[in-house]
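The structure under discussion appears below in the form of structure tokens.
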Amino acid sequence: MLDKIKALQEELEKIVVSGKEEVEELRLKYISKKGSISQLFEDFKNVSPEQKKEVGQAINTLKNFALDKINTLKESFEGAVNGDSGLDLTMPGDSVKLGTRHPLSLVKNEIIGIFGRLGFTVAEGPEIEDDWHVFSALNFPPEHPARDMQDTFFIEKNPDVLLRTHTSSVQIRVMERTQPPIRMIFPGRVFRNEAISARSHCIFHQIEGLYVDENVSFADLKQTLLQFAKELFGEGTEIRLRPSYFPFTEPSAEVDIQCVMCGGSGCRVCSQTGWLEILGSGMVDPEVFKMVGYDPEAVMGFAFGMGIERIAMLKFGIDDLRLFFENDLRFLMQF
Ligand code: 2NL
């Protein structure tokens, strides 16, 4: 009896059919009232009591296998035209949802495009840096507060291994290995040991720019940044320069644009001033040129730096910086 069950199982496993009608033949042959599996249940009556348990289980397993196979085959032919595979190849395909570019990447690419048209190329460098490239070569005095543990992430065992707090370190690396003229921008992630809030984050993105040549003036700086502001925020945009201070530029200036929300009349976003700060800039300090081995009597240059998050917030009207880092699709899919 068990041999017979096994033989039927093997027979069933090998069966291949090519149409609905053959599935019906299978059903008749195996599981209809007169089918061979039903016949097994008849024979079961004569099995000895000791064998009943084992044989009964085997017959049930076989029957379930047969039912499964026949149902699956039947479904595969359902709706089939002319006995083919059952697939309707004229059905429209499933649409694949496309992702969107991250708003920070959109703004970064736009800025790279604008400066690209002005002749600036792009350079990148390491996020893990040393004191020289982040601070010393940029004319930060030894006791400058930016070097403080509160502001910079250091590796505990070795304070000469740190996460860059600005991309100026890449500019130092480029100047150390390249002779002027240099006309480049430097996008990248930077890190500061700050509490996370709507306005600040411990990771953010910067783009800095550097132009070094024999005759570069403050007027070149002004005109370059005006052209940049007009392309990024619209032809009607005006800029305003305010005196500022950075250890690595002299003179230094902060650059404002007319408020994108109120157009200059004064609102909550611009604290009623009509102006919004978009970047910091200045003429490269001769001390920095000395550090990278340039002759400060022979070359001049301007540099600038901006936070990409800040620009993106102004462009898109976003009021919480944390949104850029949470990867919430409801936010990301709007760009
Ligand atoms: C800001 C201000 C600035 C620079 C960055 C720079 C780099 C070198 C030499 C001189 Cl190697 N300057 N970069 C200059 C002025 C301002 O960034 O507010 N960034 C978010």
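Residues: numbered from 1 along the sequence shown. Here the structure is a predicted model, which is why all the values come from computation and not from measurement. Just follow the structure's listing: the first ligand is 1, and inside any ligand the first atom is 1.
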Open item on the list: Give me the nearest non-hydrogen protein atom to atom 6 (C) of ligand 1 as residue plus atom name, then the distance to 0.1 Å.
Closed with: A303 CB, 3.5 Å
TODO: May I ask you to identify the nearest protein heavy atom to atom 11 (Cl) of ligand 1, giving residue, atom name and distance to one decimal place in Å?
DONE: Q171 CB, 3.4 Å
TODO: Go through the steps to decide whether S18 and E22 satisfy the test side-chain hydrogen bond (donor to acceptor under 3.5 Å, both in side chains), and finish with yes or no.
DONE: CA-CA 7 Å; S18 57; E22 288 178 38; 2.9 Å; yes
Proximity of [X] to ligand 1 by residue part, where a heavy atom lies under 4.0 Å:
X	result
F248	both
M175	side chain
S252	neither
L138	side chain

Give the atom numbers and elements of ligand 1 that come within less than 4.0 Å of a heavy atom of [X].
X	value
Q206	19 (N), 20 (C)
G305	1 (C), 2 (C), 3 (C), 5 (C), 16 (C), 17 (O), 18 (O), 19 (N), 20 (C)
T249	10 (C), 12 (N), 14 (C), 15 (C)
E208	4 (C), 5 (C), 6 (C), 7 (C), 13 (N)

Open item on the list: Within the supplied structure, the quantity of interest is the number of heavy atoms (other residues, nucleotides, ligands) at a distance under 6.0 Å from K69 NZ; does it exceed 12?
Closed with: yes
Task: Lys/Arg-Asp/Glu bridge criterion (N-O < 4.0 Å) met for E277, R242 - done: yes
TODO: Could you check whether the rings of H205 and F325 sit parallel, tilted or perpendicular, using 30° and 60° as the cut-offs?
DONE: parallel
TODO: Report the relative orientation of the aromatic rings in F246 and F248; use parallel for angles under 30°, tilted for 30 to 60°, perpendicular for over 60°.
DONE: parallel
Report all side-chain donor-acceptor pairs from residues 99-107 shorter than 3.5 Å, counting only partners two or more places apart or in another chain.
residue : atom : partner : partner atom : Å
T100    : OG1  : L332    : O            : 2.8
H102    : ND1  : L104    : N            : 3.0
H102    : NE2  : F324    : O            : 2.9

Task: Closest approach of A66 to L12 (non-hydrogen atoms, all atoms of both residues) - done: CB-CD1, 3.6 Å
TODO: Applying ring pair (Phe, Tyr, Trp, His ring centres under 6.0 Å), run through F153 and F191 and close with a yes or a no.
DONE: CA-CA 7 Å; F153 288 115; F191 308 83; 7.3 Å; no
TODO: Answer with yes or no whether V292 contacts ligand 1, where contact means a heavy atom under 4.0 Å from a ligand atom.
DONE: no
